[in-house]
Amino acid sequence: MNPVRIGLVGVGKIARDQHIPSIAGNPGLVLAAAASRHAQVDGVANYPSIEAMLEGAPDLDAVAICTPPQLHYEAAKLALAKGKHVLLEKPPCTSVLQLEHLVRLAKDADRTLYQTWHSQHAPGVARAARLLSGRKLRRARVTWKEDVRQWHPGQRWIWQEGGFGVFDPGINALSILTKLIPGAFFPRKAVLVVPSNCQTPIAAELELESDDGAEIFASLDFRHTGVQTWDIDFETDRGPLKLSSGGAKLSIDGAAVPSDESALAGEYPSIYRRFAELIARRESDVDARPLKLVADILLTAAQLSVEPFED
Ligand code: NAP
């Protein structure tokens with residue numbers, strides 16, 4: 001079978017760090033083109049926009065969308081209209097209704113829509129899901145604190161409407177929770193901290209509760225210098241579990257489960273294996289719950305305006 005020919009849209013940090021090497025490492029896939037306003041990828045046909053790429057490289061089978069989230073919906077719609085399979089980076093869209101519409105368009109076009117949550121592929125997450133399925137969750141505490149200047153230097157889109165602010169990384173934690181907690185849970189209280197020169201929050205304190213009474217607390221903070229923390233602590237009826245390093249490491253009752261993988265390292269090869277598998281089966285995979293959770297949090301939250309953010 002010929003490899004799936006992929007066109008990459010938005011050649012920025014995640015495209016270079018993860019998508020390009022992961023496509024190169026998968027024998028069933030080949031990077032055939034790229035569309036970016038400024039950046040180029042060596043060895044493939046480069047175009048200044050997705051429109052130009054779809055026009056100039058009609059033999060592409062699939063498109064991987066890695067632009068900021070404000071552009072995801074239009075790009076995915078264009079690609080589906082041209083009969084391409086679509087891999088859509090997180091956060092999938094800036095509205096839940098847009099995502100639902102893309103699901104409909106993919107179905108009508110008989111094409112794969114794979115909307116990715118990379119943290120769901122972190123090495124500790126599948127094992128934690130198996131363990132939690134046999135326990136009763138009493139409480140979960142998310143601590144997702146990182147230095148935005150270190151991880152997102154100069155990314156103005158994060159602070160603009162639809163840019164998600166601290167929910168850009170925070171939605172990764174929520175995507176782990178939706179994977180591990182199959183039952184319903186809802187926001188109870190939320191406070192968003194918004195710099196006076198930004199449209200999106202730089203920090204958030206969240207309280208959520210599950211339908212069967214488990215409490216979930218989350219502290220998200222983009223202002224955190226020093227040791228960077230992406231942890232989720234679970235209290236269960238059979239003792240504690242902890243996911244740390246963004247889901248890469250798992251400990252049970254305080255004892256670390258050995259793993260040699262770092263968070264992002266194993267996630268993207270797994271994402272592209274899944275994409276190839278979905279295309280072969282002509283299936284889609286979209287988990288809207290993390291986006292719905294963010295939308296509900298934004299609906300219920302109080303806002304605190306703070307000093308301007310300077311990059
Ligand atoms: P980024 O470094 O800013 O890259 C995005 C690229 O999209 C830019 O370099 C830019 O390339 C292109 N682009 C097209 N239109 C743009 C516009 N109006 N404004 C800004 N850039 C535009 O962002 P990223 O960190 O790669 O993130 C991209 C997506 O991946 C986001 O949805 C993010 O949540 C997700 N993601 C990021 C990470 C991470 O660690 N950074 C991890 C997982 C997922 P041109 O200037 O050449 O057009």
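Just so you know, these numbers come straight off a predicted model, no measurement behind them. Ligands are counted one by one from 1 in listed order, and the atoms in each one are counted from 1 as well.
With no hydrogens or angles considered, a side-chain donor-acceptor pair links Asp287 and Gln120 at under 3.5 Å. A side-chain donor-acceptor contact under 3.5 Å links Glu89 and His19. Trp230 and Glu146 are linked by a side-chain donor-acceptor pair at a separation below 3.5 angstrom, with hydrogens and angles left out of the test.
Annotation for ligand 1: atoms under 4.0 Å from non-hydrogen atoms of Ala39 are 47 (O). Less than 4.0 angstrom separates some heavy atom of His72 from each of these atoms of ligand 1: 32 (O). Each of the following atoms of ligand 1 lies closer than 4.0 Å to a heavy atom of Asp168: 33 (C), 34 (O). Less than 4.0 angstrom separates some heavy atom of His118 from each of these atoms of ligand 1: 42 (C), 43 (C).
Nearest to atom 7 (O) of ligand 1 by heavy-atom distance, out of Ala34, Gly12, Pro68, is Pro68. When the heavy-atom distances from atom 46 (O) of ligand 1 to Gln155, His38, Glu267 are ranked, the shortest goes to His38. The residue from Lys90, Gln18, His152 that puts a heavy atom closest to atom 35 (C) of ligand 1 is Lys90.
Polar contact with ligand 1: present for Ser36 (N/O pair, distance under 3.5 Å). Remark: ligand 1 and Ile14 share an N or O pair separated by less than 3.5 Å (distance only, no angle test).
Counting heavy atoms from C-beta on, the side chains of Phe309 and Arg223 never come closer than 4.5 Å. Between Ser36 and Val9, the closest side-chain pair of non-hydrogen atoms is not below 4.5 Å. Within the 4.5 Å cutoff, side-chain heavy atoms of Leu243 are placed close to those of Leu180.
Residue contacts with ligand 1: Pro91 is included, with a non-hydrogen atom under 4.0 Å away.
Residue Tyr268 touches ligand 1 through its side chain alone, judged by heavy-atom distances below 4.0 Å. Heavy atoms of Val11 found under 4.0 angstrom from ligand 1 belong exclusively to the backbone.
Here the rule is side-chain hydrogen bond (donor to acceptor under 3.5 Å, both in side chains) with Glu235, and of Lys136, Arg135, Arg139 only Arg139 fits it. Here the options are Phe167, Phe164, Trp151, Trp159, the test is ring pair (Phe, Tyr, Trp, His ring centres under 6.0 Å), and the partner is Phe222; only Trp159 passes.
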